[in-house]
Every structure is written in structure tokens, then in C-alpha cells.
J.: 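Structure provided below as C-alpha cells; questions to follow.
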Amino acid sequence: MLSNIFKIEQIKYDDNSANEYGRDWTYKGSVNPKAIVFPSSKEQIKELISFANKDNEKIVPSGGRTGLSWGAVATQNEIVVSMEKLNSITNVDNEEKSLSCQAGAITQNIQNAAQQQNLLYPVNFASSGSSHIGGNVATNAGGVKVIKYGSTRNWVSSLSVITGNGTELHLNKGLKKNNSAYDLRNLFIGSEGTLGLITDVELHLCKNPPKLKVLLVSFNEFESLQKFFNKIFNQIELYAFEFFCKNSLCAVLEKFKIKPPLSPEMNFYVIVEFEAVESEKLLEIVEKMYGEKLIRDAVIASSEKQNLELWGLRENISESIAIFNPVKYDLSIKRQHLNSFIKEIKHIFKNEDSSKPSYFLFGHLGDNNIHLNLIPEPNKDIGSQKEKRLFDFLKRHNGSISAEHGIGLLKKQSFKFMNNKNEIDLMMMIKKDFDPNNIMNPGKIFDLKE
Ligand SMILES: Cc1cc2nc3c(=O)[nH]c(=O)nc-3n(C[C@H](O)[C@H](O)[C@H](O)COP(=O)(O)OP(=O)(O)OC[C@H]3O[C@@H](n4cnc5c(N)ncnc54)[C@H](O)[C@@H]3O)c2cc1C
């Protein structure tokens, strides 16, 4: 019985809580968690896992619920384990440049705690104010600075976990170098709550960057945008290279009633963040490409306030297009295929009524990661021929249907279609070893019965 493990105020059964804690940021279907529990100690988590194994109960780990792949979603009468009470930042070590915390610590609080010691935790995205570090680790979250700093995986120096069979593991123990056979820490990074519960995390931190500047550039042709990237990639120290299409920009301008900093009539835009000392070099390249009519317009921020305003055009896209209830794709493909991929998307999803947008494109182009957000066609099944053509293209070019958001429930079918059966079989064997009774987030990523 849950009441043998948790105090009464640590368990919720009501519908409002079920709707709040039983879903992630994008899941709109109905949910039916058996209960939501709020552990305040590792001992309670261990007891819960032991109880679930004995009584065949199922568990959904829940962080900040900002996930986009229906990973923290309870549709099968599972017990949702909210990690929100386990949110302490226990230590920031200035000499070691590291931070230790519980898995429920909010990403932005971690960033702020590092800043108080004049250090940086550089993984950042628009949901950092709500997401938990445990959720970031479980999804190997990327974000807008991957081009410079890599994704969450690069920053995790230690993980404490309780596996689905109740074993407590302390993995890597904060070391910078540790070649001691298989790195189990890396198995948990990106495991989407299917192997066990992450309880504590230690992160590397780094020095703050020098002064950075932000540039917004517009293009009419995707080829020109790529030429620009190729030109600056080896010459300029890039901290971000983010792109968005005209539709995405217009949605933000409309939602936030913003005056555009440059004409919103061009097809593509990029935000470049770079070291301020390199401004002259970068602007020379921009001017030359402007002269060649490859770049259509550009504006450089001249204050921190303007930096933030330009960043806002990119960071507010998801919120601005939410009214369209878009179907979200998080796609990745090698740079050499990007151009034909963009053309293919245009070809597949072109709208018969050209006055209305049919999709929004934006993403972390510096990492070859495109977020395609499709406006569902009324009365048409999304798992349609069009989606099949998109995935066929990706498969032919060795792309991925999950660059950074994970698989969850949402992409189970496409995961199976895109990935090698032997690889998936091995993953299932790993899952069975860590979680023999399949109590941890069952049905996410794959169905074990397959
Ligand atoms: C506006 C917006 C922008 C975003 N931008 C980006 C982006 O740029 N890059 C990016 O990568 N993602 C992005 N995301 C997606 C999301 O924020 C990340 O995936 C984030 O890491 C999820 O963290 P969370 O705590 O909210 O996890 P949840 O949504 O609560 O859970 C995600 C998965 O992790 C598991 N999980 C959570 N906590 C634990 C734990 N302690 N132990 C084991 N498993 C656990 C859950 O079961 C689930 O499978 C964005 C989301 C939004 C809403």
C-alpha cells in the first residue's frame, strides 16, 4: 500500500493532480494515473520500487513535465513519481568546478547557483525555468548551445540511480577520467525513465564565456544560409547558430506584438551568437555576402537588452505556435543532405492554400537539428503517406527522428521503422536486465513483448 510508504500529504488521487502530473507539455489525450506520489527521500523511492516489483505496479518518473515526446505520460494506471520535492542543490565546488544536486532541481536554479560562484552550467533551452535536471539527463536534453558545449551528456560527471530491480548505483562518482569498462552512467543518460529513477546528479561546470554578441541575418535561399554557415564555422567561435523560417518569425511577431528588427518577408533567418571580439571579422563576411545578394539583411545587437530581444524571436517560437496544436518532429540529418531535406519538406507538405502556413521550421541548425512543426490537416490522419515520405527520406539518408527530444510514446512506431532490429533487441535486453518486471515507464520507447 502506498500509504505504508508515504505520508498522506505525499499522495494525490484527485483528477486535477492526475491531469497536471500525468502528462507532459505536448500530450493532449486522456490520462489515468493510479496515484501521484511525491517522495522526499531515497528510502521512499527504494521502498516504492520494491512494492511495485512485488505487487506488479508500474511507475512513471516525472520531472518538470516539459518533455515533448510523451515520456512522462501515465495512460495505463501507473503510479506517477514526481521528483519535485527532491530539488536541493547540495554543493557548488569552485575548485573542482562541479555542482551536486538532487534530480528534481530545476535547470534554471542550477544555472543560477553556478552563476553565484561565477561559473557556468551551459546547457540551456526555453524550458529551463521548469525542467528538472533528472528529466534533462533522462532525455539527454540539448538546446541552443550544443554547437559550443554539447548536450547534457557532456556535463554529467556522476549519477545516482535506483534501477527497476531496486539496485542503488553511484555511477562515475564525479570523475573527469574513468575508463573502467562499460560506462553505465551513459546508459541512463537518455533512458527516458525506462531503466530506473535518477535520484542525484553531479555536473561539471565551466568558466563563463567572454562577452558575447548576437546577430540576426535573413536569407531567401536555404543554400545561401548554408554557405554562410560554412564560411563562418571555421573562422568564428560560435556559441549558437539557430534558425527559423518566415512563418515562425511571423507567429512570434504576431503573438508578442513585436516590431520586426528586419523585414519579415525573407524565407529564412538565423541567430548567431559569437564572441564580441570577433564582431569585425564576422561583419566583414556578412557585408561581403550581402554584396553578393546571398544575405538579404542583418542586424547586430548593441546592448545586452537587444541581445535578449533577438534571442526572444527564436526562444518564443514554441509558445507562439502552440495555438496551431502542431505535430512536432525533431529531425536530424547530416549537413550534406540538409538542403535537399528542406526542399523535400517543402515538396511533401506544401499547402494547396498558399495563404496559410502548413508548417513551421526552426531549430538548432548548427547541430543539423530541425524542428518541423506541422499544422494538422483537418480530418486527415497524420500517420499518413506524407509522414511516410518524410521518414523514408530520413532513413535513406541515415537521419534520425529524434535529435534531442527522445522517443517516449509519441515516436515508438517511427523509432521501430528507423532503427536496426538488432540494435533494438539489444536495448530490450538491457532494459530486461535493469528492470526484469518491466515496472519502469513501461511502453515508452518500445513494447517489450514485440
Ligand atoms: C518550450 C520548450 C522548449 C524546449 N526546448 C528544448 C531544446 O531546445 N532541447 C531539448 O533537448 N529539449 C527541449 N525541450 C524539451 C524538454 O524541455 C526537455 O526534454 C527536458 O529535458 C525535459 O525535462 P523535464 O524535467 O521536464 O522532464 P519530463 O518531461 O518530466 O520527463 C521527460 C522524460 O524523463 C523521464 N524522467 C524525468 N525525471 C526523471 C528521473 N528523475 N529519473 C528517471 N527518469 C526521469 C520521464 O519519465 C520522461 O520519460 C523543450 C520543451 C519546451 C516545452
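Computed from heavy atoms alone, side chains included, the values below leave out hydrogens, waters and symmetry copies. As the structure is a computational prediction, the values presented were derived from the model and not from experiment. Whatever order the structure lists them in is the order used to number ligands and atoms, beginning at 1.
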J.: If I apply the N/O under 3.5 Å rule, does Ser318 come out as touching ligand 1?
T.: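 By distance alone, the answer is no.
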J.: Evaluate Phe341 against His397 for side-chain contact (heavy atoms from CB on, under 4.5 Å), listing each step before the verdict.
T.: CA-CA 9 Å; Phe341 188 46; His397 296 87; over 6 Å; no
J.: From atom 44 (N) of ligand 1, work out which of Gly193, Ser131, Ser62 has a heavy atom at the shortest distance.
T.: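 Answer by nearest heavy atom: Gly193.
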J.: Please walk me through it: do Lys12 and Glu9 pass salt bridge (Lys or Arg N to Asp or Glu O under 4.0 Å)?
T.: CA-CA 7 Å; Lys12 289 191 173 166; Glu9 65 272 19; over 6 Å; no
J.: Looking only at distances, can you tell me whether any N or O atom of Asn140, backbone or side chain, sits closer than 3.5 Å to an N or O atom of ligand 1?
T.: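 Among all N and O atoms of Asn140, none is under 3.5 Å from an N or O of ligand 1.
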J.: Please verify whether a non-hydrogen atom of Gly408 lies at under 4.0 Å from ligand 1.
T.: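 Gly408: no contact with ligand 1 (<4.0 Å).
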J.: Here's a test for you: under ring pair (Phe, Tyr, Trp, His ring centres under 6.0 Å), which of Phe244, Phe324, Phe349 qualifies with Phe360?
T.: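 Per the ring pair (Phe, Tyr, Trp, His ring centres under 6.0 Å) rule, the option paired with Phe360 is Phe324, out of Phe244, Phe324, Phe349.
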J.: Hey, which of Gln336, His337, Arg335 is the one that makes side chain to side chain donor-acceptor pair (under 3.5 Å) with Asn368?
T.: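 Only one of Gln336, His337, Arg335 forms a side chain to side chain donor-acceptor pair (under 3.5 Å) with Asn368, namely Arg335.
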J.: Is a donor from one side chain sitting under 3.5 angstrom from an acceptor on the other, for Asn56 and Lys54?
T.: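 No, no side-chain donor-acceptor contact under 3.5 Å.
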J.: Just going by heavy-atom distances, which of Ile445, Leu409, Thr66, Thr152 is nearest to atom 16 (C) of ligand 1?
T.: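 When every heavy atom of Ile445, Leu409, Thr66, Thr152 is considered, Thr66 comes closest to atom 16 (C) of ligand 1.
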J.: What do you reckon, does Met83 put a non-hydrogen atom under 4.0 Å from ligand 1?
T.: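 Distance cut 4.0 Å: Met83 passes for ligand 1.
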J.: With respect to Asn441, determine whether any N or O atom, backbone or side chain, lies less than 3.5 Å from an N or O atom of ligand 1.
T.: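 Yes; the residue has a nitrogen or oxygen that sits under 3.5 Å from a nitrogen or oxygen of the ligand.
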J.: Output, in order, the C-alpha distance, side-chain angles, deciding distance and verdict of salt bridge (Lys or Arg N to Asp or Glu O under 4.0 Å) for Asp183 and Arg185.
T.: CA-CA 5 Å; Asp183 188 343; Arg185 162 189 53 163; 2.6 Å; yes
J.: Minimum distance, heavy atoms only, to atom 39 (C) of ligand 1: which one of Gly134, Ala126, Ser69, Ala103 is it?
T.: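 Ranked by closest heavy atom to atom 39 (C) of ligand 1, first place is Gly134.
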J.: Report, in ascending order of atom number, the atoms of ligand 1 lying under 4.0 Å from any heavy atom of Ala138.
T.: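 This gives 34 (O), 35 (C), 36 (N), 44 (N), 45 (C) as the contact atoms.
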J.: Would you say Glu315 contacts ligand 1, with heavy atoms under 4.0 Å as the rule?
T.: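 Per 4.0 Å heavy-atom rule, Glu315 does not contact ligand 1.
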J.: For ligand 1, which atoms have a heavy atom of Glu192 less than 4.0 angstrom away?
T.: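 Within the 4.0 Å cut-off of Glu192, ligand 1 contributes 47 (O), 49 (O).
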J.: Looking only at the aromatic ring of each residue, does the gap between the centers of Phe38 and Tyr21 stay below 6.0 angstrom?
T.: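 Between Tyr21 and Phe38, the centre distance is under 6.0 Å.
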J.: Report yes or no: does a heavy atom of Ser128 sit under 4.0 Å from some atom of ligand 1?
T.: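 Ser128 does not count as a contact of ligand 1 under the 4.0 Å cut-off.
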J.: Answer with side chain, backbone, both or neither: which part of Thr139 has a heavy atom less than 4.0 angstrom from an atom of ligand 1?
T.: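 Under 4.0 Å from ligand 1, Thr139 contributes side-chain atoms alone.
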J.: Within the distance-only criterion (no hydrogens, no angle test), does the side chain of Asp55 pair as donor or acceptor with the backbone N or O of Glu57 below 3.5 angstrom?
T.: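 Not confirmed, Asp55 side chain does not pair with Glu57 backbone.
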